[in-house]
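Read through the structure below, which is laid out as structure tokens, and then see the notes.
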Amino acid sequence: NKKLISFVSGGCPYLINSYVKLNDNVHKSCRKERAIQLRKSLAELEPSTVIYAANMPYWLESKGFDNREGGKVKNRNVYEIIDIKNDRALRKRNLKNRITETIADIRAMGHEVLIVYPIPETGWDVPEEVNKKLNSFPALRRMEKFKSLDFSISSRVARQRALPSEAIYNTIKNVIRVHPRRLLCDNDSQRCYLTNDTDLLFSDKTHISPAGARIVVDEIASKLGLKF
């Protein structure tokens with residue numbers, strides 16, 4: 001009998017004493033007041049399970065993903081994580097420390113923490129690319145062709161992108177871990193699949209679709225001993 005409270009806000013990773021600027025302006029969803037209130041809300045919660053997830057490879061590298069097969073996320077905007085106390089951008093080393101401090105702070109409040117490791121980025125807008133691949137076929141044949149579609153990226157490239165974030169998470173003790181890359185990528189073929197026989201697994205270049213989310217959520221539920 002679990003209750004879910006979502007603190008998610010797009011483009012706003014939760015890092016204590018930090019907020020986000022977009023193109024030198026405060027991100028409207030990521031104001032410092034919001035960061036302070038979020039920590040206060042977590043502190044007021046009775047001991048709970050906090051699921052911690054973010055596109056941390058982007059925040060560590062500050063550049064879009066290149067899948068090296070023609071798919072690349074262009075950096076149209078400049079996002080910076082800003083330290084509340086001195087109003088300065090956090091550089092990579094300080095950002096690494098802030099991640100571990102954030103998890104430690106959540107645990108010190110009495111919460112259990114489940115870390116969702118980085119979800120593979122794709123480099124392509126998956127629905128758009130699938131449409132391109134299928135548009136040449138008559139409508140009645142598209143589902144048949146979709147089932148046989150081999151649409152994937154290199155798991156080696158996905159791993160290289162995720163490694164710095166995973167290395168940080170690996171140093172954090174006494175947390176539950178979920179590894180989406182292990183769920184969405186195949187060791188034998190060395191590919192991370194963007195579709196399956198019936199569904200798109202990603203909804204754009206960086207976000208999983210409802211079908212992809214179900215795979216990850218099922219693993220989270222399993223780790224927490226929950227059944228749907």
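Just the heavy atoms: all of them, side chains too, but no hydrogens, waters or symmetry mates, feed the values below.
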Hey, mind stepping through E80 and R91 against salt bridge (charged side-chain N to carboxylate O under 4.0 Å, His left out) and telling me if it holds? CA-CA 9 Å; E80 288 187 301; R91 299 308 171 202; 3.8 Å; yes
Step-by-step side chain to side chain contact (heavy atoms under 4.5 Å, CB included) determination, F202 to L184: CA-CA 11 Å; F202 291 82; L184 298 167; 4.0 Å; yes
Given side chain to side chain contact (heavy atoms under 4.5 Å, CB included), test L60 with L95 step by step and report yes or no. CA-CA 7 Å; L60 286 173; L95 182 54; 4.0 Å; yes
Using the side chain to side chain contact (heavy atoms under 4.5 Å, CB included) rule, take V157 and F65 through it: C-alpha gap first, then chi angles, then the decisive distance, then the call. CA-CA 10 Å; V157 173; F65 175 62; 3.8 Å; yes
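Applying the disulfide (SG to SG under 2.5 Å) test to every pair with at least one member in residues 7-69, sequence neighbours left out, gives these pairs: C12-C30. Every pair tested for disulfide (SG to SG under 2.5 Å) that includes a residue from residues 119-166 fails, sequence neighbours excluded, so the list is empty. Listed by first then second residue, pairs satisfying side-chain hydrogen bond (donor to acceptor under 3.5 Å, both in side chains) with a partner in residues 144-154 read S152-R191, not counting sequence neighbours. Applying the salt bridge (Lys or Arg N to Asp or Glu O under 4.0 Å) definition to pairs two or more places apart or across chains, those involving residues 124-135 are E128-K132, E129-K132. Listed by first and then second residue, the disulfide (SG to SG under 2.5 Å) pairs involving residues 169-221 are C185-C192 (not counting sequence neighbours).
For K32, the NZ atom sits in a packed shell: over 12 heavy atoms of surrounding residues, nucleotides or ligands are nearer than 6.0 Å.
Cluster annotation: I82 and I36 are assigned to the same hydrophobic cluster (Ile/Leu/Val/Met/Phe/Trp/Tyr, side-chain heavy-atom contacts under 4.5 Å, transitive).
To the nearest 0.5 Å, atom CD1 of residue I119 and atom NE2 of residue H207 are 8.5 Å apart. To the nearest 0.5 angstrom, R161 atom CZ is 6.5 Å from N55 atom CG. To the nearest 0.5 Å, the span separating OG1 on T198 from CG on N196 amounts to 4.0 Å. Separating the CG atom in N77 from the CG atom in N25 is a distance of 11.0 Å, to the nearest 0.5 Å.
When atom types are taken as modelled, the side chain of R142 and the backbone of F137 share a donor-acceptor pair closer than 3.5 angstrom. With hydrogens and angles disregarded, a donor-acceptor distance shorter than 3.5 Å links the side chain of D204 to the backbone of T206. R98 places no side-chain N or O within donor-acceptor distance of the main-chain N or O of D83, the cut-off being under 3.5 Å. Side chain of S48 to backbone of H111: no donor-acceptor contact under 3.5 angstrom is found. Formation of a donor-acceptor pair under 3.5 Å by the S222 side chain with backbone atoms of D218 is not found in this model. A side-chain donor-acceptor contact under 3.5 Å links N135 to the backbone of N131.
The aromatic rings of Y52 and Y14 sit perpendicular, their planes meeting at an angle over 60°, well past the 30° parallel limit.
A salt bridge is absent between R182 and E219: the closest approach of a Lys/Arg side-chain nitrogen to an acidic carboxylate oxygen does not fall below 4.0 angstrom.
Closest approach of W59 to P13, counting heavy atoms only: CZ2-CD, 3.4 Å. Nearest heavy-atom pair across L15 and T102 is CA-OG1, 3.4 Å.
The side chain to side chain donor-acceptor pair (under 3.5 Å) search around N75 returns none, not counting sequence neighbours.
Evaluated for a side chain to side chain contact (heavy atoms under 4.5 Å, CB included) with I220, the options I176, I51, T49, L226 yield exactly one hit, I51.
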